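The block underneath contains the structure these notes are about, expressed in structure tokens.
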Amino acid sequence: MPVFALVDCNNFYASCEKLFDPSLRDIPIVVLSNNDGCVVARSAESKALGVPMGAPWFQLQELAKQHGIRAFSSNYALYADMSSRVVEILRGFTPSLEVYSIDESFLVLDGLPGSLDAIGRDIRERVATWVGLPVCVGIASTKTLAKLANHAAKKALAGRKGVCDFGAMGPDELSALFARIPVAEVWGVGRRLDERLAELGIGTVKELRDAPPAWIRERFSVVLERTVRELNGVSCLDLEDVAPAKQQIMASRSFGNPVFDLDGLSESVASHTTRAAEKLRAQRHVAGAVTVMIRSNPFKPWEPQYNRSEVVPLAEPSADTRELIRAALAGLRHIYREGYAYKKAGVMLCGLEPQLRRQGSLLVDPEREQRSAALMEAMDRINERWGRGSLRPLATGFDPGWRMRRERLSPAWTTRWDQIPIVGSRSR
DNA sequence: TCTGGGGTCCTAGGACCC
DNA sequence: TCTGGGGTCCTAGGACCC
């Protein structure tokens, strides 16, 4: 029987913010989405105050003032760096590891010496000692159960010091626990499924676990059927230790201020295309089409609304930023309409295929293609060495109007020499 | 003034094929 | 009166995840 562990950082973004600023200890803090829009992470103190996940920050002003809640802009440079440090530590326990998200990893612990509970406590201690972040560990025979065990370690069985191994619990104990956990906590059960399950009298994990899989498949789908099997200890989801190549690549952002004219939209679309193209080349793929999207602000229904996208196929699949921008801007000109306050623009690259396996085409000049590849590689290397955006297409512009708001950004403590924390200094 | 940004998978339905 | 059976591919939409 396989043994999966799910290691999950507690309140990850909020914990990262607290890590380098001791004055924040015991202070309620939240981390905001891009444009300082809504709450995407809360410290334990903020949760205790009842700050809801996803709440718009401007609606929390009163509560924040009352309790001294501090808010931070998303500092992805910091979170990504801390995340990779945690993963590095986890790799010290097992080579079979899947990075599931920025703050979660699945580990396969089969055949390791020592008790699983002891390994779990080791993981917790090592991460806490080496990088200072709190994690919880859930251990079970399937991924879905490991997720649930992790949840139990955080909530229902918080007394177990952040480690929960379902394998060490008896069937009655497990059933009693499952009868206390709402079915919505199960990985793969979202709001809609929760509602539909409730109508059928399934409200707890235990009730879903004990439902006949065939019946679930009939009433719902093969996806939920798989979830039921996983809850019964039948492993259906394998560890994906090699991340599969993306099938589509998105880049989009809301604007810090509304944009009205084509020029502003063009600059943002060119910027998004540039970022998407970097990701595309990083996975060594080419794209067959570019989708460009623009929309007004749906939270202002009293203003005229406009929401449109267009797919622009490329004559030949490409990873050349210039060609992708040309296609995106052609699509943008086609769908742009005057008279709207635009709130968001984005591009999506699709029809992705590996760069190398491409079929030769009579329409492609090999010499030109080589020059393109060399230029893109040079640009990527310069930007890697000197920082993103050091060398960029002119079409991405200089207008700050549409760029996102980040008024509460903490320093890039670990990724910029000029922002590294200073512990003490000798004065003369 | 102010409301995120990515992704995946599955299903149904239509077009089209022989 | 009466109009098959099987398949593929594509797209849109809905659900989920963090």
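Proteins come first, then strands; the chains are lettered A, B, ... in the order of their sequence lines, and each starts at number 1. Keep in mind the model is a prediction, meaning the values are calculated, not measured.
- A heavy-atom distance below 4.5 Å is not found between the side chains of Y340(A) and E303(A).
- At the heavy-atom level, L32(A) lies nowhere under 4.0 Å from the strands shown.
- Residue contacts for R275(A): at a heavy-atom cut-off of 4.0 Å it reaches the sugar-phosphate backbone alone, with no base atom in range.
- When heavy atoms are screened at a 4.0 angstrom cut-off, I102(A) is found touching no nucleic acid atom at all.
- Using atom P as the reference point in both dC17(B) and dT3(C), the two lie 23 Å apart (nearest Å).
- For the residue pair T415(A) and D81(A), no side-chain donor N or O sits within less than 3.5 Å of a side-chain acceptor on the partner.
- Checking A251(A) against R226(A), the closest nucleotide of DNA chain B that is more toward the 5' end is the one next to A251(A).
- Once you apply a 4.0 Å limit to the heavy atoms of chain A, the touched nucleotides of DNA chain C run 5' to 3' over dA15(C) to dC18(C).
- For the pair F299(A) and M348(A), nearest-nucleotide mapping onto DNA chain B gives the more 5' position to F299(A).
- Contacts of W57(A) with the nucleic acid, taken as non-hydrogen atoms under 4.0 Å apart, are absent.
- dC18(C): Watson-Crick or G-U partner is dG5(B), with both key distances under 3.5 Å.
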What side-chain donor-acceptor pairs closer than 3.5 Å can you find for residues 93-100 of chain A, not counting sequence neighbours?
unit_1	atom_1	unit_2	atom_2	d
T94(A)	OG1	S96(A)	N	3.0
T94(A)	OG1	V108(A)	O	3.1
E98(A)	OE1	K143(A)	NZ	2.7
E98(A)	OE1	E240(A)	N	2.8
Y100(A)	OH	W187(A)	NE1	3.2

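- E323(A) and S318(A) share a side-chain donor-acceptor pair at under 3.5 Å.
- Classification of the Y336(A)-Y342(A) ring pair by plane angle, with boundaries at 30° and 60°, yields tilted.
- Across all strands shown, D103(A) has heavy atoms under 4.0 Å from sugar-phosphate atoms exclusively, and none from any base.
- Using a 4.0 Å heavy-atom distance criterion, A55(A) is classed as making no nucleic acid contact.
- Contact check for V40(A) versus L32(A): no side-chain heavy atoms found under the 4.5 Å cut-off.
- Within the nucleic acid shown, Q248(A) comes within 4.0 Å of at least one base atom, counting heavy atoms only.
- Looking only at atom types and distance, the side chain of R209(A) has a donor-acceptor partner in the side chain of S175(A) under 3.5 Å away.
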